[in-house]
Amino acid sequence: MIKITFPDGAQKEFKEGITSLEIAEQISPRLAQEVLAATVNGEVTDLSRPILADATLKLHKWDDAEGRHAFWHSSSHLMAEALEALYPGIKFGIGPAIENGFYYDVDPGEGRTITENDLQTIENKMKELAAVSHPFVREEIGKKAAMELFTAKGDEYKTELINELEDGTITLYKSGNFNDLCRGPHLPSTEPIKAIKLTGLAGAYWRGDEKRKMLTRIYGISFPKQKMLDDHLVFLEEAKKRDHRRIGKELELFTFSPKVGMGLPLWLPKGAELRQNLINFLTGVLKKRGYKIVATPHIGDVSLYKTSGHYEKYGADSFKPIATPQEGEQFMLKPMNCPHHCEIYNATPHSYRELPYRMAEFGTVYRYEQSGELHGLTRVRSFTQDDAHHFCRPDQLLDEFISIIDLVLYVFRVLNFNDFSAQISLRDPGNREKYIGSDENWEKAEKAIVEAAAAKNLTTTVVKGEAAFYGPKLDFMVKDAIGRKWQLGTIQVDYNMPERFDLTYNGSDNQKHRPIMIHRAIFGSMERFVAVLIENTAGKLPLWLAPEKAVILPISDKFNDYATKVLEILKNSDICTLIDDRNEKIGKKIRDNELRRIPYLLVIGEKEAENGTVAVRKQGEGDKGEMKTDDFAAFIHAEIEKELEY
RNA sequence: GCCGAUGUAGCUCAGUUGGUCAGAGCAGCUGAUUUGUAAUCUGCAGGUCGGGGGUUCGAAUCCCUUCAUCGGCUCCA
């Protein structure tokens with residue numbers, strides 16, 4: 001007998017060699033039906049694997065990522081089986097589960113292509129195969145045998161993968177006629193896969209290397225129930241409606257023009273108003289926190305970027321330098337504000353007493369992004385960072401870093417960004433030529449970030465290789481409407497730039513000392529932040545950010561004069577308001593202005609004109625009753641204050 | 001940049017196998033109506049069918065090319 005320990009600490013004895021699925025069956029038949037994978041002694045495994053010794057066991061249903069993962073991974077094998085049946089000789093790359101579904105990278109072979117029109121056929125074949133339940137059979141195999149098997153099959157992608165595996169660790173999973181190199185885990189069989197949708201087709205470089213062959217990647221998603229798939233598709237439709245590119249156009253916030261150039265956003269008046277509201281808000285917060293606001297040019301001498309290291313690291317990928325016609329001086333569009341800020345620091349001598357020196361600028365930068373990478377406002381070639389640099393003494397670093405984390409959390413809270421994640425980005429130790437600076441400085445900087453995050457009890461994931469070239473960073477990521485993650489806020493510790501620019505301060509010992517620099521942005525960039533904000537709110541911006549706070553709706557043009565009076569009062573109160581004096585019925589005016597996401601609609605007719613009031617209608621909530629116009633103005637200001645109160 | 005797809009009025013979209021196919025709704029402008037909480041009615045105007053080239057008696061429709069967009073890959077200071 002062996003002893004199994006469950007997550008709640010309960011222990012129970014079973015016969016040796018029992019499988020997780022059999023244990024589930026003994027607990028309840030329903031559980032056995034719903035369970036998809038198991039974690040045995042911390043390792044996710046198949047339900048059908050025998051357990052040979054005492055172990056801890058957690059059973060995963062659909063609610064667990066591990067359960068879905070096994071489900072989708074098995075679905076990708078099912079798709080591969082369908083592909084092999086439809087395209088004999090097709091070769092396979094990798095086919096993993098992803099956050100929302102699965103994909104398989106395939107090479108259909110010379111002269112053969114798979115197009116979107118073929119997806120339905122593949123999907124049908126999958127359903128046909130899944131209708132007959134095939135068990136997933138695991139097999140451990142020697143390296144040599146594995147090589148022979150896939151060489152015989154002519155699949156050079158699999159043999160390349162096998163080559164890198166260690167002998168004794170290679171496993172195959174077979175379901176139906178499809179046998180694949182795979183670590184697992186898998187479902188016991190294809191039986192639970194009831195609903196399938198192939199969602200997309202894309203090119204993907206083999207092993208993510210742009211120098212290698214481009215394979216065809218087929219994306220799909222599957223569910224145990226048709227209803228779940230239907231719900232998912234509805235969710236995707238809803239998400240599309242929140243797309244900032246669509247809402248940005250509808251609400252006339254921003255646009256792009258091929259005549260100006262791709263990836264160069266044009267802020268329309270309402271978008272610019274929203275953007276400015278954010279800038280004004282943050283500027284106020286920064287001033288309270290002792291930041292000095294600075295301003296710098298959009299270009300800088302090439303030598304500036306040679307000093308900073310930008311030129312060496314990224315010169316080839318930047319916009320090419322521009323030159324003066326007579327002197328031949330070379331200037332680069334600035335890709336970052338930090339070199340300019342270093343020179344501002346250098347413009348005056350600094351005492352240890354005045355540190356930390358916090359310098360902020362809404363600085364517009366220009367970066368070359370590959371054409372295929374541009375995406376609405378989230379990925380552009382020209383954007384304005386809410387950039388700042390803190391210059392501090394070593395003994396101030398931790399507190400300074402923590403104060404910035406506080407600031408980021410404060411701003412996110414005001415904006416109701418609750419669903420964010422924090423990521424510590426360290427350098428890739430195997431690829432040091434990507435970075436500048438000494439190992440010692442890197443270690444100090446990385447240690448500071450880890451300590452600060454721990455001091456704030458921040459839940460973080462650590463990713464190696466994602467650091468900036470000059471230092472490690474703490475990034476704050478938020479998801480957009482369709483689940484793509486975008487980096488917004490970032491805090492970066494930098495020992496290198498101060499050395500390169502020879503920044504100093506006078507210490508209490510009257511000696512020159514080197515300050516540490518912290519780069520930080522909270523919004524990240526105005527462009528990306530506004531994009532994510534739009535998608536998180538579906539365009540229903542909080543009152544304080546809305547470019548237009550209220551629209552006055554006269555019942556008929558008899559009340560246009562009174563509407564003008566109301567407008568005057570609100571204007572004098574600094575509340576951006578419009579009159580909808582179109583010759584339309586009130587229902588129509590309400591509908592149109594609701595669709596424009598105006599926070600407050602003010603209906604006025606005979607009664608209101610007599611009483612000096614407005615009938616207030618709140619966006620999405622309907623009629624709120626009558627209010628004196630002055631009271632409404634005061635109410636709006638109170639509401640805004642409430643929104644900003646944290 | 002790479003793979004695949006898309007590109008018809010300001011917006012959302014129809015346009016069968018190339019032959020009155022240049023259309024509809026919304027928005028816009030007219031006129032009527034003077035309206036009480038999510039679409040009043042009438043009329044008008046709007047497009048070299050992304051640009052360029054080609055095939056054809058004839059191209060929105062087929063081919064080439066170019067630009068842009070979309071979904072991914074790679075990249076991301």
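Because only heavy atoms are used, hydrogens play no part in the values below, and waters and symmetry mates are left out as well, while side chains stay in. Numbered from 1 within each chain, the chains take letters A, B, ... in sequence-line order.
- Rounded to a whole angstrom, the distance from the C1' atom of B:rG28 to that of B:rG36 is 27 Å.
- Per the geometry, CG belonging to A:Asp581 stands 14 Å off C1' belonging to B:rU34, to the nearest Å.
- If you check every strand for non-hydrogen atoms under 4.0 Å, A:Gly605 touches a base.
- A salt bridge does not link A:Arg207 with A:Asp209: every distance from a Lys NZ or Arg NE/NH1/NH2 to an Asp or Glu carboxylate oxygen is 4.0 Å or more.
- Aromatic ring centres of A:Phe469 and A:His310: separated by under 6.0 Å.
- Contact annotation for A:Tyr219: backbone-only contact, meaning every heavy-atom pair under 4.0 Å involves sugar-phosphate atoms and none involves a base.
- When the P atom is compared between B:rG47 and B:rG23, the two are found 13 Å apart, to the nearest whole Å.
- A tilted orientation is assigned to the rings of A:Phe254 and A:His244, their planes being inclined by 30° to 60°.
- Contact check on A:Glu527 versus A:Arg367 returns no salt bridge, with no Lys/Arg side-chain nitrogen under 4.0 Å from an Asp/Glu carboxylate oxygen.
- One can place CG of A:Leu198 at 19 Å from P of B:rG4, the figure rounded to the nearest angstrom.
- When the side-chain nitrogen and oxygen atoms of A:Arg245 are compared with OP1 and OP2 of B:rG71, one or more of them lie within a distance under 4.0 Å.
- Using bins of under 30°, 30° to 60° and over 60° for the plane-to-plane angle, the ring pair A:Phe529/A:Phe523 lands in the tilted bin.
- Residue contacts for A:Ala202: at a heavy-atom cut-off of 4.0 Å it reaches a base atom on one of the strands shown.
- Nucleotides B:rU42 and B:rC49, compared at atom C1', are 30 Å apart to the nearest Å.
- Annotation: B:rG1 and B:rG18 have their P atoms spaced 34 Å apart (nearest Å).
- Of the candidates B:rC11, B:rC73, B:rA39, B:rC73 carries the atom nearest the A:Ala204 side chain, counting heavy atoms from C-beta on.
- Contact between the side-chain N/O atoms of A:His519 and the OP1/OP2 oxygens of B:rA77 is not found at any separation under 4.0 Å.
- Between the base of B:rC75 and the side chain of A:Arg379 there is a donor-acceptor pair shorter than 3.5 Å.
- B:rU40: Watson-Crick or G-U partner is B:rA32, with both key distances under 3.5 Å.
- Here, B:rC63 and B:rA39 have their P atoms 46 Å apart, quoted to the whole Å.
- Here A:Gln487 lies out of heavy-atom contact (under 4.0 Å) with every strand.
- Syn is the classification of B:rG46, since its glycosidic angle stays within 90° of 0.
- If you check B:rC73, B:rA39, B:rC3 against the side chain of A:Met214, the one that comes closest is B:rC3.
- The CG atom of A:Leu119 sits 11 Å away from the P atom of B:rA5 (whole-angstrom rounding).
- Per the geometry, CG belonging to A:Leu266 stands 15 Å off P belonging to B:rA68, to the nearest Å.
- Nucleotides of RNA chain B nearest to A:Glu369 and A:Ile114 differ in position, and the one nearer the 5' end is that of A:Ile114.
- Closest contact between the side chain of A:Phe469 and the listed nucleotides B:rG72, B:rG36, B:rA77 involves B:rA77.
- Nucleotides B:rC57 and B:rC70 are separated by 38 Å at their C1' atoms, to the nearest Å.
- Regarding contacts with the backbone of B:rG1, a side-chain N or O of A:Ser371 is found under 4.0 angstrom from either OP1 or OP2.
- Contact annotation for A:Glu250: no contact, since no heavy-atom pair falls under 4.0 Å across all strands.
- Among the nucleotides B:rU37, B:rA5, B:rU35, the one closest to any side-chain atom of A:Ile555 is B:rU35.
- Between B:rC76 and A:Arg367, no contact under 4.0 Å exists linking OP1 or OP2 to a side-chain N or O.
- What separates OH of A:Tyr470 from C1' of B:rC76 is a distance of 12 Å, to the nearest Å.
- When Watson-Crick and G-U wobble pairs are counted only if both distances are under 3.5 Å, B:rA60 pairs with no nucleotide at all.
- Base pairing of B:rA5: its partner is B:rU69, meeting the Watson-Crick or G-U wobble criterion (both donor-acceptor distances under 3.5 Å).
- A donor and an acceptor atom sit less than 3.5 Å apart, one in the side chain of A:Tyr205 and one in the base of B:rG1.
- Comparing A:Arg217 and A:Ile604, the nucleotide of RNA chain B nearest to each residue sits closer to the 5' end for A:Ile604.
- Among the atoms of the strands shown, base atoms are found under 4.0 Å from some heavy atom of A:Lys607.
- Taking a cutoff of 4.0 Å between a charged side-chain nitrogen and a carboxylate oxygen, A:Lys588 and A:Asp592 qualify as a salt bridge.
- Using atom C1' as the reference point in both B:rA27 and B:rA9, the two lie 11 Å apart (nearest Å).
- Set against B:rC11, B:rU40, B:rA77, the side chain of A:Lys585 has B:rU40 as its closest nucleotide.
- Distance noted for atom C1' between B:rU56 and B:rC44: 38 Å (whole Å).
- Out of B:rU40, B:rA77, B:rU37, the shortest distance to the side chain of A:Met336 is found at B:rA77.
- One atom, NE2 of A:His340, and another, C1' of B:rA77, lie 14 Å apart when rounded to the nearest Å.
- Salt-bridge formation is not detected for the pair A:Asp155/A:Lys91: no Lys NZ or Arg NE/NH1/NH2 atom is positioned less than 4.0 Å from an Asp or Glu carboxylate oxygen.
- With ring centers used as reference points, A:Tyr345 lies 6.0 Å or more from A:Phe501.
- Nucleotide B:rC13: paired with B:rG23 (Watson-Crick or G-U wobble, both distances less than 3.5 Å).
- Classification of A:Glu156 and A:Lys213 as a salt-bridged pair fails, no side-chain N sitting under 4.0 Å from a carboxylate O.
- For a distance-only test at 3.5 Å, the side chain of A:Arg617 qualifies as a donor-acceptor partner of the base of B:rA38.
- Donor-acceptor pairing under 3.5 Å, judged by distance alone, is present between the side chain of A:Glu608 and the base of B:rG36.
- Counting atom types as modelled, A:Glu594 pairs a side-chain N or O with a base atom of B:rA38 as donor and acceptor under 3.5 Å.
- Closest contact between the side chain of A:Pro335 and the listed nucleotides B:rA77, B:rC73, B:rG36 involves B:rA77.
- Across all strands, A:Gly372 comes closer than 4.0 Å to base atoms (heavy-atom distances).
- Among the nucleotides B:rU35, B:rU34, B:rC75, the one closest to the side chain of A:Asp557 is B:rU34.
- Under the 30°/60° scheme for interplanar angles, the aromatic rings of A:His232 and A:Phe223 are found to be tilted.
- Contacts of A:Ile586 with the nucleic acid, taken as non-hydrogen atoms under 4.0 Å apart, involve only primed sugar atoms and P, OP1 or OP2.
- In this entry the distance linking NZ of A:Lys589 with P of B:rU34 reads 15 Å, nearest Å.
- Spacing between atom CZ of A:Arg582 and atom P of B:rC41 amounts to 14 Å, rounded to whole angstrom units.
- Between A:Lys588 and B:rA38 there is no side-chain polar atom (N or O) within less than 4.0 angstrom of OP1 or OP2.
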